[in-house]
Amino acid sequence: MKQLNTLALAVSLLAGSQVANALTPWTTGFNSPDVAVYTSGGAAQDKAFGQVVTTTLAAPGTLDTFSDVDPATGSVGSRWTVYYFTGNANLGAGLAGKKILLEKRSYGAAGYGVVPLLASSGAGLALEHLKIVGLKQADWEVDGVVGGKKWKKTIDASNGSKYLVKKVSDAGFLGVDPQVLLKPKTQNYPLPVNQIITGLPDAGWPLTLTKVPTTGTNAFTVVPTGGLVYGVAVTLDLYKILQAAQKKAGTLPSSVVIGSYDEGSLPNLNRNVLASLLAGKIGAWEQIKIVDKTAGNVVKSLLDPSILAAAGVVAPYKESTTGSNLTPVAVGKRNPGAAIGAVAYAKFLNYPSTSNSFAPAPTTTDNALDEDAALPIVKAPGGAADTGNLLKDWQNGTNATGYNNVIDGGNPAKRWGIAINSADRNSAVTLDGTGGDPWRYIRIDGYAPTLENVAAGVYPHWAEGAVIYRTSKPADTLWAVKTKLLKAFADDLGSPTVANAVNTTQAWGKTGIFATTADPRGFKASVPFNSSNPVVAFTHSNGGTTHADIVPVADSAATGGLAIQLK
């Protein structure tokens, strides 16, 4: 009964019927929300964010979404999305049946879910949020089929003052615990991004915050949101090269078809190699070699003609600065304050919490001269979608992101690139390796980034997230209602029922978000693992809070008794 009661929101679609009215803000009677909540933070859980609104918060048939289009990459909703809907019946008094505007700003990443909220002693720093109230239907373009309920608009400096409004965020969403970000003078500490309207960084940005206050008049509530699986991705050509090389080295079966995308066909990199790449210690792909067990144990680099031929890949651009004609490693880390970056640095480098740990490599300046002289080339994209676009640029020899500026034969250079990201993206790739964007996930320490492998303790790259908001805000008469919505939302992100509804099935397995047995609602892990009820019996929670920078351990206090499935 305890679990059933706490999951009431997750099954709210089974509650009584609702009137299916779209809440377009230009329709008479719907043009002013009863409750408006503005949030900012990381993009790692954007997919789950939208799905939770759709499946548990919005009454059926009432949801409209409004998203920006990034003028550089064309990505929809990678910076802002507004969800406008009627509150579902199970949200209870103050929210059920009300017109609710819930906005999500991802621009600036997870750091924008903590630093701007804590600024000015908790009063907060006003940010650019997406505006929909007061705009007309003609101000938007249909996103998808005509007659749908999704709207979009390309937003830049020329129209930013029309589509953006300055407000202090009501809450922050992070794909990691906030403490791991609040490390001044490290690459984890969030830095301001340029505003769209002015082109300048947000003014008044504090640089010395070290903790989220949880007591006193400026106290914040921190609600854990369950775990999220993170991944490491490579450009398509590099994926095939790694497959071909590891087949020759005997670490992939000879039966693997180049390009295949099932779990057993994914190439593998271990944590030591990944750490070396992230720290910038491997500058050129020629430095990584194999022993070819199919050809008399001959030592070969990844650029060996036999490996290129087996992969069906042409060698990418070679630099001309050193005189050695090397093939630069291209690394995509993340901008300061991004959860995706903080988790990867903690898992692979023990950075920044361990004394004398290696730091992530410095970012290469965005110009052809510096890029051509860099070994490796390191870029810090500003979002999860931006990371995918970076890999596309490197694979295709394009420069939509502005990160790929060296010209080779009249076009931007092609690169073999590797980047950190969440593990639930690019899901259109099929088992035979066709479809989707031209980049692929790899295995880490021999295991794919699946929920089952996290639960078995064999896949290391994951962390719990958090939602943070002011515990009280006397000046806001709707604060109790707003925090009720935020708490319900955070709980949904930590619920196994909701996780199952929003998770992604990749060709190599199911991935996304999951609950942990450390959740006070008492979720129970199962052996064998049930991906439809994803509960993990490992936790980073120690001392009452989660810490992504420590090694997770088995939860000895797990409801129903601890049970770990070995692999």
Side-chain angles (χ1 to χ4, degrees), residues 231-270 273-274 277 282 284-295 298-318 326-332 376-377 387-398 404 408 411-421 423 425-444 446-449 506-509:
V232 172
V234 298
T235 51
L236 181 56
D237 280 359
L238 179 56
Y239 179 86
K240 293 178 178 179
I241 285 291
L242 292 174
Q243 282 183 315
Q246 291 178 2
K247 285 179 66 176
K248 290 179 177 295
T251 54
L252 273 181
S254 60
S255 58
V256 167
V257 176
I258 298 298
S260 295
Y261 206 48
D262 59 280
E263 185 172 5
S265 297
L266 266 61
N268 174 68
L269 291 178
N270 65 46
V273 172
L274 289 172
L277 290 166
I282 300 175
W285 290 115
E286 287 88 349
Q287 294 171 322
I288 296 181
K289 303 179 184 295
I290 62 148
V291 175
D292 189 344
K293 295 182 179 179
T294 69
V298 175
V299 176
K300 297 178 177 178
S301 84
L302 294 183
L303 276 297
D304 188 272
S306 67
I307 296 178
L308 292 169
V313 166
V314 176
Y317 177 79
K318 296 180 183 294
L326 297 173
T327 306
V329 167
V331 178
I377 299 165
T387 298
N389 290 324
L390 170 64
L391 290 169
K392 287 170 64 176
D393 276 349
W394 282 338
Q395 171 64 30
N396 294 336
T398 54
N404 190 31
D408 180 24
N411 296 306
K414 293 187 177 183
R415 308 285 189 186
W416 286 355
I418 184 167
I420 51 178
N421 212 333
R425 296 175 180 271
N426 204 20
S427 59
V429 184
T430 62
L431 276 170
D432 63 3
T434 59
D437 289 331
W439 55 268
R440 303 288 184 264
Y441 291 104
I442 61 172
R443 289 184 289 174
I444 299 174
Y447 292 94
Q506 301 272 16
W508 36 261

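- In this structure the side chain of V232 reaches within 4.5 angstrom of the side chain of I444, judged on heavy atoms.
- At a threshold of 4.5 Å between non-hydrogen side-chain atoms, the residues I241 and W285 do not count as touching.
- A distance-only check finds a donor-acceptor pair linking the side chain of Q506 to the backbone of R425 [under 3.5 Å].
- With a 4.5 Å cut-off on side-chain heavy atoms, Q246 and I290 do not count as touching.
- With contacts defined as side-chain heavy-atom distances shorter than 4.5 Å, the pair L391/D437 does not qualify.
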Worksheet entry | Full working for side chain to side chain donor-acceptor pair (under 3.5 Å) between D262 and S260 | CA-CA 6 Å; D262 59 280; S260 295; 4.6 Å; no

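- Atoms CD and CG, from Q395 and N404 in turn, are 11.5 Å apart once rounded to the nearest 0.5 Å.
- At distances below 3.5 Å, not a single donor-acceptor pair connects side-chain atoms of E286 with backbone N or O atoms of L326.
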Worksheet item: Can L252 and R443 be said to form a side chain to side chain contact (heavy atoms under 4.5 Å, CB included), step by step?
Response: CA-CA 12 Å; L252 273 181; R443 289 184 289 174; 3.2 Å; yes

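- When side chains are defined from C-beta on, R440 counts as touching N426, because their heavy atoms get closer than 4.5 Å.
- Between P449 and W508, the closest side-chain pair of non-hydrogen atoms falls below 4.5 Å.
- Note that the CG atom of L238 and the CG atom of L269 stand 7.5 Å from one another [nearest 0.5 Å].
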Discussion item. Quick one, T235 with D237, criterion side chain to side chain donor-acceptor pair (under 3.5 Å). Give me CA distance, side-chain angles, the key distance, then yes/no.
Written reply: CA-CA 6 Å; T235 51; D237 280 359; over 6 Å; no

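- A search for salt bridge (Lys or Arg N to Asp or Glu O under 4.0 Å) contacts involving E263 returns nothing, not counting sequence neighbours.
- Between I307 and K248, some side-chain heavy-atom pair lies under the 4.5 Å cut-off.
- Looking only at atom types and distance, the side chain of K289 has no donor-acceptor partner in the side chain of S301 under 3.5 Å away.
- Between P438 and N396 there is a side-chain heavy-atom pair separated by less than 4.5 Å.
- Remark: the backbone N or O of G259 is paired with a side-chain donor or acceptor of Q243 at under 3.5 angstrom.
- Proximity of a side-chain donor or acceptor of K240 to a complementary backbone N or O of G312 within less than 3.5 Å is not detected.
- The backbone N or O of A413 lies less than 3.5 Å from no partner atom in the side chain of D408, so there is not a single donor-acceptor pair.
- Scored by the ring-ring contact (aromatic ring centres under 6.0 Å, His included) test, Y239 finds Y261 as partners (sequence neighbours excluded).
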Worksheet item: Between W416 and L302, does a side chain to side chain contact (heavy atoms under 4.5 Å, CB included) hold up when you go through it step by step?
Response: CA-CA 11 Å; W416 286 355; L302 294 183; 4.3 Å; yes

